[in-house]
Each structure stands twice: as structure tokens, then as C-alpha cells.
S.K.: 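Take a look at this one; I'll ask things after.
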Amino acid sequence: MKNVTDVPATNPPNSARPLSPFLIYKWRYTMALSFLNRVTGCALTVGMLLFVYWLVAVSSGSEAYATAQHVFAHPLAKVLLVLFSYAFFYHLLAGVRHLVWDTGHGLERRSAQLSGWIAFLGSIVLTAFFWFLILHGPRGAA
Amino acid sequence: MSLRSPLGQVEGLGAAKEGVHHWWVQRMTSVALVLLTLWFVASLVHLSSFEYSVVHAWLAKSVNAVLMLLLATVAIYHSQLGVQVIVEDYVNHHGAKLAVLILINFIHLLLAAAAAFAILRVGFGASI
């Protein structure tokens with residue numbers, strides 16, 4: 001095969017240079033999972049606004065904290081908190097998956113698909129477990 | 001076989017025109033956040049209540065204040081790094097990209113300063 005470095009960069013795409021990924025990739029769930037990692041990362045960035053608001057409320061006295069508690073008790077806020085917690089657990093597991101990949105392990109198709117399922121299902125299980133502990137933990141029937 | 005263009009080979013810099021610093025700090029913050037976030041989740045589960053006095057007393061402890069300071073700053077740094085990559089990937093117009101990146105950085109710095117001030121305020125025992 002002709003060395004690609006011999007081909008002028010202006011050549012039409014009959015050279016051996018790779019095409020952009022979106023031109024050749026078929027949609028697969030592993031792609032969706034990769035995308036979900038970014039989506040959950042973005043969600044966590046938004047969720048961090050609530051996290052910092054909570055910290056500021058704690059530091060601003062009992063009245064400000066009571067206001068924050070009122071905000072977090074809103075049904076919409078509760079739904080958001082559950083979604084943020086899911087985003088956190090998925091991003092955590094997917095992040096560990098990426099760190100393992102960075103060591104050069106788990107990149108084969110089979111193991112990458114398996115770890116994808118573990119991250120996806122594991123994050124749902126962890127979210128459910130977390131809220132079970134929050135609702136039935138040391139606070140009793142809070 | 002090299003897939004680099006001739007110009008790319010001569011310059012030897014890659015498309016990013018820089019080294020691995022961004023990649024590396026994103027990984028380092030990831031590793032730190034695995035530990036810090038698990039500590040935070042465990043702490044939330046173990047808090048006896050989410051009432052003001054309990055949460056304030058918990059955060060006022062030196063260990064918790066220091067770890068919370070680390071969690072907040074590292075998480076915000078990690079967020080800035082991640083959002084930056086997404087903006088660089090999807091915002092194509094150069095001017096818009098620069099404007100969004102500046103905005104993103106300012107928001108993250110503001111969040112970091114607010115979080116750090118709040119934690120230190122509780123940690124140093126300012127009674128309100």
C-alpha cells in the first residue's frame with residue numbers, strides 16, 4: 001500500500017486517510033452510553049449550582065437554610081435531586097470505566113460492551129439503593 | 001504507517017497545539033472525585049437529620065470542612081474541564097466559542113469562590 005504521507009493533503013477521499021467518525025459509525029448502544037456520560041456530566045454541572053446553593057445556605061444561618069429546605073422540598077426539586085443522583089452514579093461508573101480504559105484494559109468489544117451494561121444497570125441500582133438509605137437510614141421514617 | 005498529514009508531521013503538535021495537561025488533570029480530578037464523592041455520599045447517608053443544627057455541626061468539624069473544600073473545588077475544576085471539551089467540540093464559530101468559554105470559566109470561578117467562602121465560614125465558626 002502506498003504510504004499516506006506520499007499523498008498530498010488536498011487529495012479527494014480515495015486516499016487511506018480515515019473518514020470523520022460520524023460518517024462511518026453505525027449507531028450502537030455503546031455510543032449512546034458514551035453520549036450519556038457527557039449528558040450526565042453536563043447535568044452534574046447544573047446540579048452543582050444546587051450543591052453550592054446548599055453550602056451557601058448552611059453558612060448563611062438557620063433562616064436561609066430553612067428557605068433552602070423549602071426549595072428542596074418542592075416536588076420538582078425532588079425529581080431533580082433523584083435525576084442528579086442518577087447522573088452522579090452513572091458518571092461515576094462511566095468515569096471509572098474510562099480510567100480502566102486509560103490503562104489499556106477492557107477495550108475489546110466484548111468487555112467494553114459488558115462494562116457498558118454494568119455502568120448503565122449499576123447506576124440505576126446504586127441510585128435506588130442511595131435513596132432507600134436516605135429515606136430509611138439513621139433518620140428513620142423521615 | 002502514519003495517518004498524520006505532512007504539515008502535521010512537520011509541526012508535530014497535533015490538532016490541539018498543546019500537550020497532555022488538560023487530559024491529565026481531567027484524569028487526576030476523576031480519581032480524586034471517586035474518593036471524595038463516595039465520602040460525601042456516605043456522609044449524607046449517615047447524617048442523623050438534614051436539620052440546620054445537624055448539618056451545620058457536621059460541616060463545622062475540621063475534617064469535614066477540609067474534605068468538603070476539596071470536594072467542591074475539585075468537582076468544580078473537573079466540571080470546568082469537561083464543559084470546556086464539550087464547548088470546543090460543538091461550538092464551531094470561533095468568536096462564539098471564545099465567548100462561551102470565558103462565560104463558563106467565570107461561572108465556575110464564581111461557584112468555587114462561593115463554595116469555598118461558605119465552607120470556610122462554617123469551618124471557622126462564624127456564628128449567625
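To find a chain, count down the sequence lines: A is the first, B the second, and so on, and within it residues start at 1. The model shown is predicted, which means the values in this text are computed figures rather than measured ones.
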S.K.: Under a 4.5 Å side-chain heavy-atom rule over Ile, Leu, Val, Met, Phe, Trp and Tyr, are Leu80(A) and Val82(A) clustered together?
M.R.: yes
S.K.: Do Leu111(B) and Phe117(B) share a hydrophobic cluster (ILVMFWY, side-chain heavy atoms under 4.5 Å, transitive)?
M.R.: no
S.K.: Please say yes or no: joined through hydrophobic side-chain contacts below 4.5 Å, possibly via intermediate residues, are Phe124(B) and Val122(B) part of one cluster?
M.R.: yes
S.K.: Do Tyr53(A) and Phe72(A) have side chains that get closer than 4.5 Å, going by heavy atoms?
M.R.: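 SC-SC contact between Tyr53(A) and Phe72(A) confirmed.
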S.K.: Please answer whether the main-chain N or O of Ala119(A) pairs with a side-chain N or O of Ser123(A) as donor and acceptor at a distance below 3.5 Å.
M.R.: yes
S.K.: Is Tyr65(A) close to Gln69(A) at the side-chain level, that is, under 4.5 Å between some pair of heavy atoms?
M.R.: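 Side chain of Gln69(A) against side chain of Tyr65(A), heavy atoms only: contact under 4.5 Å found.
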S.K.: Are Val71(A) and Tyr52(B) connected in the hydrophobic side-chain network, where two residues link if heavy atoms are under 4.5 Å apart?
M.R.: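 In one cluster with Val71(A): Tyr52(B), yes.
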S.K.: Select all residues of residues 97-106 of chain A having any heavy atom within less than 4.5 Å of some heavy atom of chain B, and report them by number, or 'none'.
M.R.: Leu99(A), Asp102(A)
S.K.: Of the backbone (N, CA, C, O) and the side chain (C-beta and beyond), which part of Val56(A) lies under 4.5 Å from a heavy atom of chain B, both, or neither?
M.R.: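 Both the backbone and the side chain of Val56(A) come within 4.5 Å of chain B.
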S.K.: Do Phe132(A) and Leu44(B) belong to the same hydrophobic cluster, where Ile, Leu, Val, Met, Phe, Trp and Tyr are linked whenever their side-chain heavy atoms lie under 4.5 Å apart, directly or via other members?
M.R.: yes
S.K.: Select one option (side chain, backbone, both, neither) describing which atoms of Val83(B) are under 4.5 Å from chain A's heavy atoms.
M.R.: side chain
S.K.: Enumerate by number any residue of residues 60-81 of chain B whose heavy atoms lie under 4.5 Å from heavy atoms of chain A; in the absence of such residues, state 'none'.
M.R.: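 Hits under 4.5 Å: Met68(B), Leu71(B), Ala72(B), Ala75(B), Ile76(B), His78(B), Ser79(B).
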S.K.: Relative to the ring of Phe120(A), is the ring of Trp117(A) parallel (under 30°), tilted (30 to 60°) or perpendicular (over 60°)?
M.R.: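 Correct class here is perpendicular.
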S.K.: Taking only heavy atoms into account, what residues of residues 37-51 of chain A are found under 4.5 Å from chain B?
M.R.: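 Those residues of residues 37-51 of chain A which have a heavy atom under 4.5 Å from chain B are Arg38(A), Cys42(A), Thr45(A), Met48(A), Leu49(A), Phe51(A).
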S.K.: Please classify the contact of Phe88(A) with chain B as side chain, backbone, both or neither, using a heavy-atom distance under 4.5 Å.
M.R.: side chain
S.K.: Can you tell me if Glu63(A) has over 12 outside heavy atoms packed within less than 6.0 Å of its CD?
M.R.: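 Atom CD in Glu63(A) is not crowded, with 12 or fewer foreign heavy atoms closer than 6.0 Å.
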S.K.: Would a 4.5 Å heavy-atom cut-off, applied to side chains only, mark Leu92(A) and Leu38(B) as touching?
M.R.: yes
S.K.: Any non-hydrogen side-chain atom of Val58(A) less than 4.5 Å from a side-chain atom of Trp58(B)?
M.R.: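 Answer no - side chains too far apart.
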S.K.: Taking only residues at least two apart or on different chains, which pairs with a member in residues 127-138 of chain A satisfy salt bridge (Lys or Arg N to Asp or Glu O under 4.0 Å)?
M.R.: none
S.K.: Who wins among Leu59(B), Val41(B), Leu33(B) for the most heavy-atom pairs under 4.5 Å with chain A?
M.R.: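 Top count of heavy-atom pairs under 4.5 Å with chain A: Val41(B).
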S.K.: Does Phe129(A) have more than 12 heavy atoms from other residues, nucleotides or ligands lying within 6.0 Å of its CZ?
M.R.: no
S.K.: So, Gln84(B) side chain and Ile104(B) main chain: donor-acceptor pair closer than 3.5 Å or not?
M.R.: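 No; judged by distance alone, with no hydrogens or angles, the pair does not exist.
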